[in-house]
Amino acid sequence: MAAGLFALLDDVAAMAKLAAASVDDIGAAAGRASAKAAGVVVDDTAVTPQFLAGSAAERELPIIKQIAIGSLRNKLLFILPAALVLSQFAPWLLPILLIFGGTFLAYEGAHKVWEKISGHEEHLEEAVEELATQGVMTPEHEKVTVAGAIRTDFILSAEIMVIALKEVVDSSPDAGFITRAAILVVVAVFITIAVYGFVALLVKMDDVGVHLATKRSSVAQKVGHALVEAMPKVLAVISVIGTAAMLWVGGHILLISLDELSGSLSGTVADVLHAPYGWVHHLEEEVHHALGSAGAVAGWLVNTLLSAVVGVVVGALVLAVKHVLPFGHDKGEQTAH
């Protein structure tokens, strides 16, 4: 009887160790997948605060909460099942989907750069400031704003989940359906909390600054004034980083995905698809070997800069085509209107 009990306890301990190892594996895989999607996450973080223009201070956190819930719903109820089915029955489609996602990111980045160059961004900022000053966001306007933010999030969330899924498939090809589902659930929850938690912190920092500025302590007042003055600059820097991330990540996704797609083809088409990545990778390796101990960082910078150039070129082409098409309209003007 005792021997049977000890044997049972040994089995339970072994199962617990296996479960713990599985949890560690899922956590590690989720971490790698989240890191791969970092560029899109930065974009998501930079975009979201724009939807709060014109909202009262007390409505900022409830609006962010609504958008976050919608984002999680997008990831778990719509994107996750589709991604799992895709990875199970048509994994060859992943590079193609990523090509579309990379092209979209490059277009968004190029569009932001064009708005800055053409001056459309300044008109949009003036309209946003006027809206915020008037405080005209009604409950109906808030519903429309939240719905628009969730629609925008759907595109970004789809890219995040597909990038994460591709990383899971590449790094753990033997992972089963349940393991992939668990990893993607962890990625979805972690990224949603990280993005919207950071956005909530950002938009309320000026309120924290105002609160500190009313304290009797001179130190608190200085910190408060510094926060209030710094937040517009911080948001501007995040916007620039988001734009750069879109161009870099979009170009990098295109290079990698075209190269992977070339592996399933042959002949001239395969050579053409492989050529851009092969050229960038060759330059990266040359710089890496030439600069010794600093070569790894320098090689990464070369890859990043060339990926950004690819993003700029592809994004500019898509932007030009969009403006020529009959249904192409300037997004900045539409938003300002």
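Side-chain contact between Lys116 and His111 is absent, with no heavy-atom pair separated by less than 4.5 Å. Taking 4.5 Å as the limit, some side-chain heavy atom of Met231 sits within range of a side-chain heavy atom of Leu202. Under the 4.5 Å side-chain criterion, counting only non-hydrogen atoms from C-beta, His211 is not in contact with Asp207. Considering only heavy atoms from C-beta on, Trp92 stays 4.5 Å or farther from Ser264 through its side chain. Counting heavy atoms from C-beta outward, Ile150 and Arg73 have side chains that approach closer than 4.5 Å.
Residue pairs satisfying the salt bridge (charged side-chain N to carboxylate O under 4.0 Å, His left out) criterion with at least one member in residues 287-298, sequence neighbours excluded, are absent. Annotation: side chain to side chain donor-acceptor pair (under 3.5 Å) contacts involving residues 94-103, sequence neighbours excluded, are absent. Applying the salt bridge (charged side-chain N to carboxylate O under 4.0 Å, His left out) test to pairs two or more places apart or on separate chains, none has a residue in residues 229-247. Counting only residues at least two apart or in different chains, salt bridge (charged side-chain N to carboxylate O under 4.0 Å, His left out) contacts with residues 244-272 comprise Lys166-Glu260.
Clustering ILVMFWY residues whenever any of their side-chain heavy atoms sit less than 4.5 angstrom apart, transitively, puts Val185 in the very cluster that holds Phe177. The hydrophobic clustering, which links ILVMFWY residues whose side-chain heavy atoms are closer than 4.5 Å, places Ile256 and Val272 apart. By the rule that hydrophobic residues join a cluster once side-chain heavy atoms approach within less than 4.5 Å of another member, Val189 and Ile178 end up as members of one cluster. The hydrophobic clustering, which links ILVMFWY residues whose side-chain heavy atoms are closer than 4.5 Å, places Ile96 and Tyr277 together.
Smallest separation of non-hydrogen atoms from Pro81 and Leu76: CD-O, 3.4 Å. When every heavy atom of Gly250 is checked against every heavy atom of Leu105, the shortest pair comes out as CA-CB, 3.9 Å. Shortest non-hydrogen contact noted between Thr192 and Ala68 is CG2-O, 3.6 Å. The heavy-atom pair separating Leu291 from Ala298 by the smallest distance is CD1-CB, 3.4 Å. Nearest heavy-atom pair, Ser262 versus His274, reported as atom, atom and distance to 0.1 Å: OG-CB, 3.7 Å. What you find for Ala149 and Ile67 is that their closest heavy atoms are CB-CD1, 3.6 Å.
Rounded to the nearest 0.5 Å, atoms CG (Leu165) and CD1 (Ile183) are 9.5 Å apart. Taking CG of Leu184 as the reference point, atom CD1 of Ile79 lies at 10.5 Å (rounded to 0.5 Å). For the atom pair CG of Leu93 and CG of Leu98, the computed distance is 11.0 Å after rounding to the nearest 0.5 Å. Atom NZ in Lys75 sits 5.5 Å away from atom CD1 in Ile160 (nearest 0.5 Å). Interatomic distance, CD1 of Ile69 versus CD1 of Ile64, reported as 12.0 Å (0.5 Å rounding). Atom OG1 of Thr243 sits about 5.5 Å away from atom NZ of Lys112, to the nearest 0.5 Å.
By the 6.0 Å contact criterion, CZ on Phe154 is enclosed, its count of non-hydrogen atoms from other residues, nucleotides or ligands being greater than 12.
A donor-acceptor pair under 3.5 Å links the side-chain atoms of Ser118 to the main chain of Trp114, judged by distance alone. Judged by distance alone, with hydrogens and angles left aside, the side-chain atoms of Ser257 form no donor-acceptor pair with the main-chain N or O of Leu254 at under 3.5 Å. When atom types are taken as modelled, the side chain of Glu60 and the backbone of Lys204 share no donor-acceptor pair closer than 3.5 angstrom.
Relative orientation of the Phe104 and Tyr107 rings is tilted, given thresholds of 30° and 60° on the angle between their planes.
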For a quick test of your reading: what N or O donor-acceptor pairs under 3.5 Å do the side chains of residues 299-319 make, sequence neighbours left out?
unit_1, atom_1, unit_2, atom_2, d
Asn303, OD1, His252, ND1, 3.4
Asn303, OD1, Ser307, OG, 3.2
Asn303, ND2, Glu284, OE1, 2.8
Thr304, OG1, Trp300, O, 2.8
Ser307, OG, Asn303, O, 2.7

Inset, instruction - Verify side chain to side chain contact (heavy atoms under 4.5 Å, CB included) between Arg180 and Leu84, making sure each step is shown before the conclusion. - result: CA-CA 7 Å; Arg180 290 179 182 177; Leu84 289 173; 3.9 Å; yes
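Cluster partners of Val228, using a side-chain heavy-atom cutoff of under 4.5 Å among ILVMFWY residues and allowing indirect links, are Val210.
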